[in-house]
Each structure stands twice: as structure tokens, then as C-alpha cells.
Amino acid sequence: MRMILAVAAVLYSASAFAQADKPPMVGDKPLVQVKPKGTKDKGTKEAAAKPAAAPKGKPQSIAARLQACLELDDGTKDRLNCYDAVIPPAPKPKPAKAKGYADCRFFKEEDERLACFNGFAESIPKLPKN
């Protein structure tokens, strides 16, 4: 019984010494920096490009985010940046005619991409505000 008690005391004391106030370091940098899931860097371009933030508990659909971009001035770089934040561009040399809003990302020219997104975003039926 004394032996078990002694082993338990040694193990608990070792785990107590292993805990430190500082995170483990590699050189002069912390080994891992984990941010809480809800926090994001507010100074990024993507955060500035999205004008209407989704409620914290309920993510917005792509259609709602595209419609939120319509609130920005038409024909501006800001509106195109908003669309690009929703659907990132992936230009192709010779894109086919767009059949849906997701195909607009393939246009290389910014004016063509903006016109394509505008056409589809304006044709989406207005979603009810819940």
C-alpha cells in the first residue's frame, strides 16, 4: 500500500512540475498559437470586403451574400471585391458563357466578371428577412 501511495505521489508531482505559465518555445517563438474559433483578424481585406456580416449563430447563404454586395455602388472595385470575397476568382483563358453565378469567377477581365455577377445577383429573388 505504501508503494502505491509513493508512486502516485511521484506521478502527481511530476505532472505538477510539467505545467508552466509560458507556452513551449522553439527558439524565441511559441511552438503553437491557437486562436479561439470566434475571433478573426478585423484588419484583413476580406473582412473589409464583406459589407453585411452574418449573424453569429446563423451563416448566410451565397445568394444572401451576393445580394448584400448589391448595396455597394454599381461598377466599382469595391463591389467586385465583395463578389470576389464570396466566390474567389479562378480565371481561365477562354471561359464559356456563364450558366450560373459560380461560372462568373472564370472571367479574366474585371468588367466582364462584375457584369456577370451583377446580372445573376439582380435576378436572384429577394430573400425574406428573418
Side-chain angles (χ1 to χ4, degrees):
M1 183 69 175
R2 290 183 186 172
M3 186 59 129
I4 293 173
L5 188 59
V7 170
V10 168
L11 290 177
Y12 280 117
S13 65
S15 65
F17 286 122
Q19 296 177 3
D21 293 335
K22 297 180 184 176
M25 303 293 268
V26 175
D28 61 342
K29 296 181 181 179
L31 182 62
V32 178
Q33 290 183 346
V34 179
K35 293 183 181 178
K37 191 173 184 178
T39 62
K40 289 187 179 180
D41 188 15
K42 299 292 182 185
T44 62
K45 288 183 181 179
E46 288 184 20
K50 293 184 181 179
K56 290 183 181 180
K58 187 176 178 185
Q60 285 186 332
S61 67
I62 291 177
R65 291 187 285 168
L66 289 174
Q67 286 179 338
C69 294
L70 291 174
E71 295 173 3
L72 298 172
D73 291 333
D74 189 21
T76 60
K77 180 77 173 163
D78 289 335
R79 185 182 278 193
L80 182 62
N81 289 341
C82 180
Y83 287 139
D84 288 344
V86 175
I87 301 174
K92 289 186 177 180
K94 293 183 180 180
K97 184 178 177 186
K99 295 179 182 175
Y101 59 83
D103 295 336
C104 296
R105 67 183 173 174
F106 298 126
F107 288 111
K108 189 173 186 178
E109 291 294 322
E110 292 180 350
D111 293 335
E112 292 176 4
R113 199 164 67 241
L114 182 61
C116 179
F117 277 125
N118 280 338
F120 285 110
E122 290 169 354
S123 67
I124 297 172
K126 296 293 182 196
L127 299 172
K129 305 268 183 184
N130 290 343

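The ring pair (Phe, Tyr, Trp, His ring centres under 6.0 Å) analysis of residues 84-116, with sequence neighbours excluded, yields no pairs.
When every heavy atom of Cys116 is checked against every heavy atom of Ala98, the shortest pair comes out as SG-CB, 3.6 Å. Across all their heavy atoms, Leu70 and Glu122 have their closest contact at CD2-CG, 3.9 Å. Closest of all the heavy-atom pairs between Ala121 and Gln67 is O-CG, 4.2 Å.
Between atom CG of residue Asp103 and atom NZ of residue Lys92 there is a gap of 8.0 Å, rounded to the nearest 0.5 Å. Rounded to the nearest 0.5 Å, atoms OG (Ser123) and CG (Asn118) are 10.5 Å apart. Taken to the nearest 0.5 Å, the CZ atom of Arg79 stands 11.0 Å off from the CG atom of Leu66. Here CG of Asp74 is found 6.5 Å from CG of Leu114. Values are rounded to the nearest 0.5 Å. The distance from atom OH of Tyr83 to atom SG of Cys69, rounded to the nearest 0.5 Å, is 6.0 Å.
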**OP:** With side-chain contact (heavy atoms from CB on, under 4.5 Å) as the test, would you mind laying out the steps for Arg2 and Leu5 before giving the verdict?
**Re:** CA-CA 5 Å; Arg2 290 183 186 172; Leu5 188 59; 5.6 Å; no

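At distances below 3.5 Å, not a single donor-acceptor pair connects side-chain atoms of Arg105 with backbone N or O atoms of Ile87. When atom types are taken as modelled, the side chain of Glu110 and the backbone of Leu80 share no donor-acceptor pair closer than 3.5 angstrom.
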